[in-house]
Amino acid sequence: MEINEKFLKPYDPANTESKIYKLWEESGFFNPDNLPGERKEVFTIMMPPPNATGVLHMGHALGGTIQDILTRYKRMQGFKTLYLPGTDHASIATQSKVEKEIQKKEGKTRHDLGRDEMLKRIDSFVEENRHTMTQQMRVLGTSCDWSREAFTLDDKRNRAVNTVFKKMYDDGLIYRGNRIVNWDPKGQTTISDDEIVYEERTSKLYTFKYSADFPISISTSRPETKVGDVAVAVHPDDVRYTEYIGKEYDLEFAGVPIHIKIIADKEVDPAFGTGALGVTPAHSMIDWEIADRHDLPRIQVINEYAKMTVGGENLLGKKVTDAREVIVSWLRENNLLEKEEDIKQNVSTAERTGGIVEPLPKLQWFINVNKEIPGQNRTFKNILRESVESKSVRIIPDFFEKTYFHWIDNLRDWCISRQIWYGHRVPVWYKGEEIYCGVEAPTDEGWKQDEDTLDTWFSSGMWTFSTLGWPEQTEDLKTYHPTSVMVHAYEILFPWTARMIMMSNYVLDVNPYHTLYLTGIVRDAKGQKFSKSLGNGIDPIDIANKFGMDAGRIALVVGTAPGTDSKVSEDKIKGYKNFANKIWNITRFVLDNVDEKNFANKIENELTLEFKKVYEDITSDMDNFRFHLASEKIYHYIWHRFADEIIEESKKIILEGDEKAEERKTALVSIWTDCLKVLHPFMPFVTEEIWSMLPIPNKNLLIVENWPK
RNA sequence: GCGCGAUUAGCUCAGUGGUAGAGCGACCCCUUGACGUGGGGUAGGCCGGGGGUUCAAUCCCCUCAUCGCGCACCA
């Protein structure tokens, strides 16, 4: 039959992909309300909103591809399918990025600009990035419903955030307390445990006495904090120190008067150092807890700028690192230093700024993870454990469950307030001693809103339902929640998954999704992680331009097992560009050799039955989230069975021109059209383009054709 | 310290209780009428070491080694 002259040239993704995406957008099929036929079963995927700090990288491309494969597969299977896109304001990450830029270009700090101006600058930065990123998502071919696009910091999401905050506040689950927090002196904000990056360094462990007349030696790697000591703790069973327990001493340490009580506490490891621990409640998490148990005072000696707040001229106002040297010299001069040894130590640094984290007591907002939730008979910690333990939330690959439980066991109260400007402002107002928590600001005069904003994960934790209009009881919320599958990188398992499970169970008493599919890290050809500092990020748009996005998509998926890191190389992508061309030429051969009537006929023979087995196997892989196998199987069938063998032997058969030839032609058409369907979720553009040129009676767009069964 | 993962062809990685696969690379051949972004063929692996379960282990169990990662500790 006559064929479109496009087939006389190799497949050209550049001129096809954007045209096809536009076709899909105009069809309205991304919106589940517009899908053809009666669709009772619902399938929902929320796009993990990428941070509005830059552009999408290959990691986003992998996640987006998996999400889109699932979406397209389910849509073809007749589900009412919603894939909802969005972006994340990523408070700390975004603000610190804009601050750095302004510092670099204008030499100004955020304080020079002021809160309003700074927020304006950030908003325009974010708007620009959001625009870029949503364009990139289109290049990726993500079939998401743009009419429902959401942003974690827009008005609707703000209302949801404030509503949850108030509910938790009223339920006594959110509290404001003076507690030791991770303080980032560089970013001038608290950060959560999950925002800390540990760097192993060698540092000195000093063993010394506070003064010559003090009976016990202690060890520390931070002598400068010792001016804030209030006690020495020993293990209750440590006979070396029994006689001193309960005694109190007034001393002068490096010119600072200190009062030390000897106490017994089981947390002290008798085998470490001298077996005696100098207790600094204000500057160590453990010591803070010891102080709780023994009712000790908490003397702060270091401020928010990591500088000393006590001592004489030699200490006061000094940076902690300088103060350390001052103290060590003082110990030496006074003959108090007994030992100095190298130890390996993990230094806590802030993920976003690199600043060395200083534990400080601060007045902050916390979520209590161990308090019973009113009316639910369980705590947040219970929710987290039960959801996964009961398999109500299934994690793929399942070995991540162990990691997840391990993390829960170590979970502490979640500090949710941040001393930065960009984000959801804490919905609490103060007037003198009065405090008001509400969704809206109080209307009467004299109230001042809390200066802090919320941890970005507070709003992203609500993503599965805030996107659907909650707290309004919308039709969308009823229809699409709980969602079906969440796909995201294992790197954010803790900060995000845990928070989504908490929030959804707390607010709606259901899990946010039934399956969590974790992706690994996409690395460059050398195996290095893509990072902004290395500058080795690949813009997926470059891939699309060079090889076509279809090639990029399937290259990311084939052989990439869930939860496993993978590498992308141009060679691999190039291989699949060739595959796209192969498909193109197979189509050309088929169209060249069959007649239009072959498209109207149905047939079942050995070949179609053989292929039926193949796609049934692939369907099973799809249902079990084995996209890395499904994609490889259809690739292999098309190239090495259909093209290399079936087409080759068909040449002879068709030349004969008899009944067998007719049967063969119909079989070729039948199998090939089904191949295009099965391949569509992986390589949507080229398959849709080919579909548009086939003389199939009553056809629709391939995106809404039925998956073979 | 606790935990997780990896160890399979030169490279990058899949995979399965029955003596192994893909992509790229290498070598040889093919100007065949879908495609040279192609076709046909060849070489190449005691599936990290040791032990166990089994009729049978690369796959299950134990153990060791190396690499990567997470968490904790960080006096």
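The sequence lines fix the lettering, A, B, ..., with proteins before strands; numbering per chain opens at 1.
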Q: Record whether the side chain of K582(A) comes under 3.5 Å of the base of C35(B) through a donor-acceptor pair of N or O atoms.
A: yes

Q: Give Q345(A) one of three labels, base, sugar-phosphate or nothing, depending on what nucleic acid heavy atoms sit under 4.0 Å from its own.
A: base

Q: Check every atom of C35(B), G23(B), A75(B) against the side chain of L205(A) and return the nucleotide holding the closest atom.
A: A75(B)

Q: Sticking with atom C1', work out how far G48(B) lies from G36(B), rounded to a whole angstrom.
A: 41 Å

Q) Of the nucleotides C74(B), A34(B), G39(B), which has the atom closest to the I647(A) side chain? A) A34(B)

(Q) Can you tell me which nucleotide in A22(B), G39(B), G70(B) comes closest to the side chain of F494(A)? (A) G70(B)

Q. Can you find a donor-acceptor pair, distance only, under 3.5 Å between E648(A) side chain and A34(B) base?
A. yes

**Q.** Listed nucleotide nearest any side-chain atom of L655(A), set C74(B), G33(B), C71(B)
**A.** G33(B)

Between the protein and nucleotides 11-13 of chain B, which nitrogen or oxygen pairs are less than 3.5 angstrom apart?
{"residue": "U12(B)", "atom": "O3'", "partner": "K567(A)", "partner atom": "NZ", "Å": "3.3"}
{"residue": "C13(B)", "atom": "OP1", "partner": "K567(A)", "partner atom": "NZ", "Å": "3.2"}
{"residue": "C13(B)", "atom": "O2'", "partner": "G559(A)", "partner atom": "O", "Å": "3.3"}

Q.
Is it the case that the ring center of F253(A) lies less than 6.0 angstrom away from the ring center of W330(A)?
A. yes

Q. Are E401(A) and F405(A) close enough, and set up right, to give a side-chain contact (heavy atoms from CB on, under 4.5 Å), and what steps lead you there?
A. CA-CA 6 Å; E401(A) 286 177 7; F405(A) 289 130; 4.2 Å; yes

**Q.** Inter-residue atom distance T274(A).OG1 - I218(A).CD1, 0.5 Å rounding
**A.** 7.5 Å

Q) Taking atom P in both G51(B) and U12(B), what distance in whole Å separates the two? A) 29 Å

Q) Got a sec: does the NZ of K381(A) have more than 12 other heavy atoms crowding it under 6.0 Å? A) yes

Q. Side-chain donor-acceptor pair under 3.5 Å between T619(A) and E616(A), yes or no?
A. no

Q) Between U63(B) and U7(B), how far is it from one C1' atom to the other, in whole Å? A) 16 Å

